[in-house]
Structure formats: C-alpha cells, structure tokens
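First comes the structure, then the notes that go with it.
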Amino acid sequence: MRELRERAGRLAATLAAEGVPARVVDSPAVVGGGGAPGMVLPSAAVALPEAFAAPLRQGPTPVVGRTADGSCLLDLRTVPAPADAELAAAVRLAAEGLARLRARW
C-alpha cells in the first residue's frame, strides 16, 4: 500500500504542478471476476474532478476510472508502475480537451 500511495503522490504532484486538479486518496480495490467475492484490498488513487471521466475513456489511450463523490478515481493498483508516464499523458490530454471546451463556453 505504501508504494501505491507514493506513486499516486508523485503522479498527483506532477499533474497539480501543471495545473491539473489532482490529489491522492485511499481507494478500496475489490477483487473482481468472482475469484474472491467480497475481498477488498487497500489501494491508492489519483482523484480528479468527475468531468475527467468521459474524456479519459474517449482518449487515444482509453483510461477507465471509477467515479465516486464527484471525483474520477484512477486506482493505481490496476496500473503497472512503468505505465505511470502514459497515464499522466492521458490525463494531460483530457485536461487540455476540457480547457478547450470551457473556453468555447
């Protein structure tokens, strides 16, 4: 869990320094596929505003987060560490698209 939280912290700090509203949150991960029903693993996620969910899914590198309480959560338990830079690039692209959309309105 400590490693996931550290990765999430680095990613959120990098994005926040670039103007993307990102923060670290604890995120319970549920084991899927029926392999271990009801088993919950502690995890960490980068939380973005919920508006990021659709642009991330629809981007050239689709990213599927979980939405909860007005946030789009990118749980790093499901992302291999070598893919952190690619994840950050997808978030930046989504942020740029949202900024262009806001500028039109």
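All values below were derived from every heavy atom in this structure, side-chain atoms included, with hydrogens, water molecules and symmetry-related copies excluded. Because the structure is a prediction, the values reported are computed rather than measured.
- The stretch residues 44-56 participates, sequence neighbours left out, in no salt bridge (charged side-chain N to carboxylate O under 4.0 Å, His left out) pair at all.
- By the neighbour-count criterion of 12 heavy atoms within 6.0 Å, atom CD of Glu86 is sparsely surrounded, having that number or fewer from other residues, nucleotides or ligands.
- Pro62 has its side chain out of reach of Arg57: every pair of non-hydrogen atoms, C-beta onward, lies at least 4.5 Å apart.
- Here the CD atom belonging to Glu6 is positioned 6.5 Å from the CZ atom belonging to Arg10, to the nearest 0.5 angstrom.
- Arg5 pairs by the side chain to side chain contact (heavy atoms under 4.5 Å, CB included) definition with Val24, Asp26, Ala44, not counting sequence neighbours.
- Residues Ala88 and Leu15 come closest through the heavy atom pair O-CD2, 4.0 Å.
- Note: Phe52 CZ to Thr67 OG1 = 14.5 Å, rounded to the nearest 0.5 Å.
- Here the closest non-hydrogen pair linking Val46 and Ala8 is CG2-O, 3.8 Å.
- Hydrophobic clustering keeps Val25 apart from Val79 (ILVMFWY residues linked when any side-chain heavy atoms are closer than 4.5 Å, directly or through intermediates).
- When side chains are defined from C-beta on, Val63 counts as touching Leu87, because their heavy atoms get closer than 4.5 Å.
- A side-chain contact (heavy atoms from CB on, under 4.5 Å) with Leu56 is found for one member of Thr61, Val64, Leu74 and no other, namely Leu74.
- With rounding to the nearest 0.5 Å, the separation of OG in Ser27 from CG in Asp75 is 4.0 Å.
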Apply the test side chain to side chain contact (heavy atoms under 4.5 Å, CB included) to residues Cys72 and Arg66: give CA-CA distance (whole Å), side-chain angles for both, the deciding distance (0.1 Å), then the verdict. CA-CA 6 Å; Cys72 175; Arg66 177 172 56 88; over 6 Å; no
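- Residues Val20 and Leu93 fall into different hydrophobic clusters, defined by Ile, Leu, Val, Met, Phe, Trp and Tyr side chains chained together at heavy-atom separations under 4.5 Å.
- You'll find the side chain of Ser43 stays beyond 4.5 Å of the side chain of Leu76, heavy atoms only.
- For Asp84, the salt bridge (charged side-chain N to carboxylate O under 4.0 Å, His left out) partners two or more places apart in sequence, or in a different chain, are Arg7.
- One finds the CZ atom of Arg77 at 5.0 Å from the CG atom of Leu41 (value rounded to the nearest 0.5 Å).
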